[in-house]
Amino acid sequence: MSSTLGSMLLQNISSKTFSGRMGPSLQPTMLHENFLKYVTTFEITISLVYYALLMIIIVSGNVLVITAYSKNWRLHTTTNTFILGLAAADLLVGFFSIPLWLYVYSCNYFDIILKPVAYDAYITLDIFIGCASIFQLTAISLERCIAIVWPIKHRGISLRSFHMMIAVAWSVSALMGGLYLIQLKKWENGYTAFVFSVSFAGPFVLLFGVYVLIYNTAIKSRTRVRCEYVSATLRREIRVTGTVALVTGVFMMAWLPFFVVTVVATYELERLPNPPDLLRLVAFVKALHYTNSGLNPMIYAYRNSEMGKTMRSIASSCFPLGKLLKSRSRESSHARHNNSANTTLPANNFLLQNQSSKRGQSTPSTVTSVTTFLSKAGGGESRPACLTDEK
């Protein structure tokens, strides 16, 4: 069985897995028949429908995130720059990883010969995209740590330095994916341990330490900070950090089962269930970590009101139904505005004039213009509109 990060799981539904569990002389035709025996048409149909919907959600959601960043200058922050890179990685999942995974997964069901080139391309891209996501999440968390723990140093770091962090994350990810092709069938067990350590275990320990440090600093700062401006700034930074922590936590929960199954299958294959449950386990862990790419845009929109508002505005302007709803919303807003303006109207104006009781003398008379307003409840209220002295 292949033991690389992604190929091991795919090989769980390949001839090598079945040969390991059922005998070494399994032919491709027998593989097809055994796959049909364990995976029903209903399960295949549900998988295809789910992944089709997931691709639409991933592509549309992350395109909205990228477009919102480019359209709204208020979103041009350092943290959002990292989130933009993470959205690009999630977009690649929808464009490449899921379609190729469906091709690989359905080959056995439809009795299609899986081409090695397509298989290797899928594994390389899957490792590259997965590593890009975790490395950029690590970079975002480090940026948040600096902003909370060392705010003065954070202000002194140039934007170019943060761009270099993003470039390093993508470069190391490309290196991790390229190593798969170099080590193919040479040192696969070592490569699996290397990828697991560098792409999951190491970042997990680092992120845990980073957020413990952020938490302790935030608790101490709340008790020390007295300045209202500094306190508001700290609350804003902590909220942004909370969003990043939420995205990171969801990512870890979505990818942990995949890595656990990968390591167990590499070194303790006998501990995994037999083919019927094994195939369902593989399908589950793959669907789980792909779903993470569709959840991230929802988290951004929920936690960042400016991002969510911009995304909704772009979505409503891109679709005919959205434009109709937007125009209806504007019309109703104007109608409410006009109604509110008409609820307070002058009912009558009258003059109260005090004339001198003395005959033949004209004294200055005070003219008070009183305006009676009608409230929404129907009651009347008189207010002086102006006070003038006429001579």
Side-chain angles (χ1 to χ4, degrees), residues 50-95 97-98 129-130 132-141 143-144 147-148 162 166 169 207 211 214 232-255 287-330 332-333:
Y50 176 78
Y51 278 116
L53 294 176
L54 185 59
M55 280 192 293
I56 295 174
I57 293 173
I58 290 174
V59 172
S60 58
N62 287 284
V63 165
L64 284 176
V65 171
I66 296 173
T67 307
Y69 179 87
S70 62
K71 293 286 186 181
N72 191 343
W73 62 268
R74 295 184 183 90
L75 298 175
H76 291 184
T77 63
T78 302
T79 305
N80 286 340
T81 303
F82 285 98
I83 289 178
L84 184 69
L86 184 59
D90 290 334
L91 190 62
L92 293 178
V93 172
F95 274 132
S97 293
I98 293 181
I129 296 170
S133 297
I134 187 61
F135 291 154
Q136 289 186 83
L137 278 175
T138 305
I140 299 174
S141 301
E143 184 269 333
R144 287 290 83 208
I148 298 296
F162 292 119
I166 298 174
L207 291 173
Y211 284 110
I214 290 175
T233 303
L234 179 62
R235 285 196 301 268
R236 184 170 59 252
E237 294 289 348
I238 291 176
R239 179 172 177 82
V240 174
T241 305
T243 302
V244 177
L246 180 61
V247 172
T248 305
V250 172
F251 180 91
M252 290 297 178
M253 288 187 292
W255 279 82
L288 187 62
H289 81 73
Y290 283 147
T291 303
N292 174 248
S293 298
L295 292 177
N296 285 339
M298 301 179 190
I299 298 175
Y300 306 149
Y302 174 74
R303 293 282 301 179
N304 190 329
S305 59
E306 188 70 28
M307 176 77 76
K309 182 174 66 176
T310 307
M311 290 172 64
R312 288 190 295 270
S313 176
I314 295 171
S316 63
S317 62
C318 289
F319 301 99
L321 179 60
K323 293 180 180 180
L324 178 62
L325 293 176
K326 192 173 183 179
S327 62
R328 293 279 182 87
S329 176
R330 288 178 178 176
S332 61
S333 176

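The salt bridge (charged side-chain N to carboxylate O under 4.0 Å, His left out) analysis of residues 52-68, with sequence neighbours excluded, yields no pairs. A side chain to side chain donor-acceptor pair (under 3.5 Å) check over residues 81-91, counting only residues at least two apart or in different chains, returns the pairs Tyr69-Thr81, Asp90-Ser293, Asp90-Asn296. Counting only residues at least two apart or in different chains, salt bridge (charged side-chain N to carboxylate O under 4.0 Å, His left out) contacts with residues 54-81 comprise Arg74-Glu306.
Within the 4.5 Å cutoff, no side-chain heavy atoms of Thr138 are placed close to those of Phe82. Here the side chains of Ile140 and Val247 are not in contact, with every heavy-atom distance at 4.5 Å or above.
Residues that satisfy the side-chain hydrogen bond (donor to acceptor under 3.5 Å, both in side chains) test with Arg312, not counting sequence neighbours, are absent from this structure. Listed by chain and residue number, Glu143, Arg144 satisfy the side-chain hydrogen bond (donor to acceptor under 3.5 Å, both in side chains) test with Thr79 (two or more places apart in sequence, or in another chain). The side-chain hydrogen bond (donor to acceptor under 3.5 Å, both in side chains) test applied to Ser133 returns no partner, not counting sequence neighbours. Among residues two or more places apart in sequence or in another chain, the side chain to side chain contact (heavy atoms under 4.5 Å, CB included) test is passed with Leu54 by Tyr50, Tyr51, Ile58, Ile98, Tyr290, Thr291. A search for side chain to side chain contact (heavy atoms under 4.5 Å, CB included) contacts involving Ala132 returns Ala89, Gln136, Trp170, Ser173, not counting sequence neighbours. In this view, Thr78 satisfies the side-chain hydrogen bond (donor to acceptor under 3.5 Å, both in side chains) rule with no residue, not counting sequence neighbours. Applying the side chain to side chain contact (heavy atoms under 4.5 Å, CB included) test to Ala68 and every residue at least two apart in sequence or in another chain returns Leu75, Met307, Thr310, Met311, Ile314. Scanning for ring-ring contact (aromatic ring centres under 6.0 Å, His included) contacts around Phe251 gives Trp255, with sequence neighbours left out. Scored by the side chain to side chain contact (heavy atoms under 4.5 Å, CB included) test, Leu53 finds Val49 as partners (sequence neighbours excluded).
Across Thr67 and Val63, no two heavy atoms sit closer than the pair OG1-O, 2.7 Å. When all heavy atoms of Pro297 and Val65 are compared, the closest pair comes out as CB-CG2, 3.9 Å. Heavy-atom minimum distance, Leu64 versus Ala315: CD2-N, 4.0 Å. Residue Tyr211 comes nearest to Ser141 through the heavy atom pair OH-OG, 2.8 Å, listed as atom of the first residue, atom of the second, then distance. Contact detail for Ser97 and Ile129: the closest heavy-atom pair is OG-CD1, 3.3 Å.
Atom CG of residue Leu91 and atom CG of residue Leu86 lie 11.5 Å apart, to the nearest 0.5 angstrom. The distance from atom CG of Asn80 to atom OG1 of Thr243, rounded to the nearest 0.5 Å, is 9.5 Å. The CE atom of Met252 lies 7.5 Å from the CG atom of Leu137; values are rounded to the nearest 0.5 Å. To the nearest 0.5 Å, atom CG of residue Leu246 and atom OG1 of residue Thr241 are 12.5 Å apart.
Listed for the Arg239 side chain is a donor-acceptor partner under 3.5 Å among the backbone atoms of Arg303.
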